[in-house]
Participant: 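Here it is: the structure, laid out below.
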Number of protein chains: 2
Amino acid sequence: MSPAATMTMDTAERAILDVADALFYERGIAGVAMSEIRDASGVSLRRLYALYPSKRELVAAWLDDRHRRWMLWFTTAIDRHSAAGVNALLAPFDALGEWAASPGYRGCAFLNSLAETAEIDDTHKAIIADHKRSLIDHLTLLVARDLPESAAWLPAALGVLIDGAIIQSTVFETDEPIRAARRAASRLLECTS
Amino acid sequence: MSPAATMTMDTAERAILDVADALFYERGIAGVAMSEIRDASGVSLRRLYALYPSKRELVAAWLDDRHRRWMLWFTTAIDRHSAAGVNALLAPFDALGEWAASPGYRGCAFLNSLAETAEIDDTHKAIIADHKRSLIDHLTLLVARDLPESAAWLPAALGVLIDGAIIQSTVFETDEPIRAARRAASRLLECTS
DNA sequence: GTAGAGTGAGAACCATAGTTCTCACTCGGG
DNA sequence: CCCGAGTGAGAACTATGGTTCTCACTCTAC
């Protein structure tokens, strides 16, 4: 979940997206003014608006960027835990546990953004749904590889457990829901195999 | 989930809370101006501010009111499905299915509000956490009654499945996640008993 | 050297919305 | 009838923040 460099992106764009990520995640979209993005990134409002013609488009670019970075972090964390001997279908919950324990954790940026912008912007909604679909797609891959005989609904169920765990860990500010979800997933795997 | 009358509440308060519920749920807290609450409820700004000294306090009163109404609806729906022969621990998912299919469904008002107001208002955060805790408490009761020998983590796991199902049904705008959660819950119950 | 394009700093513009205030009206009690 | 408390309608005040504009500066091309 750390800033990533992309070949085809100049330093101003990179600075803007990094700052947007930090601020939007911490305080929500409506809680961050464009002038704060300017102050924190050092990119003038003029250039900012030249790159992103409106705040909505900046938000869309941020969500897109965060989607890529988050998925990379998530899949990497799963692989790392798998390599350490954890069942690959339980590793996602260990990854969530790490995340929830990290400083500044405020839950899923995509779910948070949905509540803020749902009425206004269909583009944002689409990006958010795509993100969650990607997550489930990845789970589907893992299931197909490690537990090919399991029920067809297993990836969807794991996805529900993951999002439920993220949400509740945010509401309750504890990782207990993540551990409960992990136990439930573990039981599901036993009963399915 | 329909407006409810309370003995100790005059008509103005009731009108305000009903209107607040409709508007805040549909468009989010930030998306509704106090003047719209006035227009839709017919209560002047003066009386509105006499009853609730600030928007934040109105929001708190709304969350509180909605909590009571939602829990009543939820427990009633569970009882209804149970009476119709559904396992009481699966009935919550049938209730969610009904809810998600109802017109104007926009997910959980409490989870939506959390993203909007988390930074600002600890009172709101506390109400939201209490609401979710109430939900899990009710699940705990149901489990204690119907499956007393089950694992201690079962109510928490059901709670995670429920919130995950609500969130994903909102993101994807389909009841598929609710059905997936129900299947997972069903499997958990089998394996635990 | 000079014109012109691009840029930064920040003021300006404008819309929105939370909150308060003004003023006229009503209505019950003396 | 008259007073004062309460109220509605809505203007007014104020702050915020998205977006645009001004002006001075720089740097390149000729």
Side-chain angles (χ1 to χ4, degrees), chain A residues 9-64 112-113 115-125 127, chain B residues 9-64 112-113 115-125 127:
Chain A
M9 197 175 280
D10 68 28
T11 52
E13 280 180 87
R14 194 64 260 160
I16 292 167
L17 291 179
D18 288 346
V19 158
D21 189 46
L23 296 181
F24 285 149
Y25 183 63
E26 183 188 351
R27 310 219 301 270
I29 294 168
V32 177
M34 291 296 273
S35 58
E36 294 181 85
I37 303 275
R38 172 200 57 191
D39 294 344
S41 69
V43 176
S44 69
L45 278 183
R46 197 194 182 98
R47 288 242 290 155
L48 192 45
Y49 275 92
L51 291 167
Y52 308 100
S54 71
K55 187 179 186 181
R56 302 233 304 251
E57 301 189 50
L58 170 59
V59 169
W62 163 58
L63 288 173
D64 228 67
N112 293 346
S113 298
E116 274 196 85
T117 67
E119 275 308 288
I120 315 170
D121 202 313
D122 284 339
T123 305
H124 297 172
K125 244 164 121 168
I127 295 172
Chain B
M9 195 176 282
D10 69 29
T11 51
E13 279 179 88
R14 194 63 260 160
I16 291 167
L17 290 179
D18 288 347
V19 157
D21 188 46
L23 295 182
F24 285 149
Y25 182 62
E26 184 189 351
R27 309 220 300 270
I29 294 168
V32 177
M34 292 297 273
S35 57
E36 293 180 85
I37 304 274
R38 172 200 59 191
D39 294 342
S41 69
V43 176
S44 70
L45 279 182
R46 197 194 182 98
R47 287 244 287 153
L48 192 45
Y49 275 93
L51 291 167
Y52 309 100
S54 71
K55 187 179 185 181
R56 303 231 307 246
E57 301 189 52
L58 171 57
V59 168
W62 162 58
L63 289 172
D64 226 66
N112 293 346
S113 298
E116 275 195 86
T117 67
E119 275 310 288
I120 313 170
D121 201 313
D122 283 339
T123 305
H124 297 171
K125 242 163 122 170
I127 296 173

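A quick note: this is a predicted structure, and the numbers were derived from the prediction, not measured. All chains are named by letter (A, B, ...) in the order of the sequence lines, taking the proteins before the strands, and each is independently numbered beginning at 1.
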Participant: What does the B/S/- profile of nucleotides 15-23 of chain C look like, 5' to 3', with a 4.0 Å heavy-atom cutoff to protein?
Facilitator: --SSBB-BB
Participant: Is the closest side-chain heavy-atom distance between A:Leu48 and A:Leu45 below 4.5 Å?
Facilitator: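 They are in side-chain contact.
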Participant: Just by modelled atom types, is the A:Ala30 backbone N or O under 3.5 Å from a matching donor or acceptor in the A:Glu116 side chain?
Facilitator: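 Judged by distance alone, yes, a pair lies under 3.5 Å.
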Participant: In whole angstrom, give the distance that lies between atom CG of A:Asp39 and atom C1' of D:dG18.
Facilitator: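 Computing the A:Asp39:CG to D:dG18:C1' distance gives 15 Å.
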Participant: Give every residue pair that meets the ring pair (Phe, Tyr, Trp, His ring centres under 6.0 Å) criterion with at least one member in residues 10-47 of chain B, sequence neighbours excluded.
Facilitator: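 Only B:Phe24-B:Trp62 qualify under ring pair (Phe, Tyr, Trp, His ring centres under 6.0 Å).
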Participant: Looking at A:Leu17, A:Val43, A:Ile16, which one forms a side chain to side chain contact (heavy atoms under 4.5 Å, CB included) with A:Ile37?
Facilitator: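 In the set A:Leu17, A:Val43, A:Ile16, the residue that makes a side chain to side chain contact (heavy atoms under 4.5 Å, CB included) with A:Ile37 is A:Ile16.
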Participant: What integer distance in Å separates A:Arg27:CZ from D:dG17:C1'?
Facilitator: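 Nearest whole value for this atom pair: 13 Å.
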Participant: Tell me: CD1 of B:Ile37 to P of D:dG8, nearest whole Å?
Facilitator: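 Atom-to-atom, B:Ile37 to D:dG8, this comes out as 16 Å.
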Participant: Compare all side-chain heavy atoms of A:Val59 with those of A:His124 and state whether any distance is below 4.5 angstrom.
Facilitator: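 Yes - at least one pair of side-chain heavy atoms lies under 4.5 Å apart.
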Participant: Which residue pairs pass the salt bridge (Lys or Arg N to Asp or Glu O under 4.0 Å) test when at least one of the two sits in residues 30-40 of chain B, sequence neighbours left out?
Facilitator: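 Only B:Arg27-B:Glu36 qualify under salt bridge (Lys or Arg N to Asp or Glu O under 4.0 Å).
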Participant: Nearest whole angstrom, please: distance from the P of D:dG8 to the CZ of B:Arg38.
Facilitator: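 It works out to 12 Å between those atoms.
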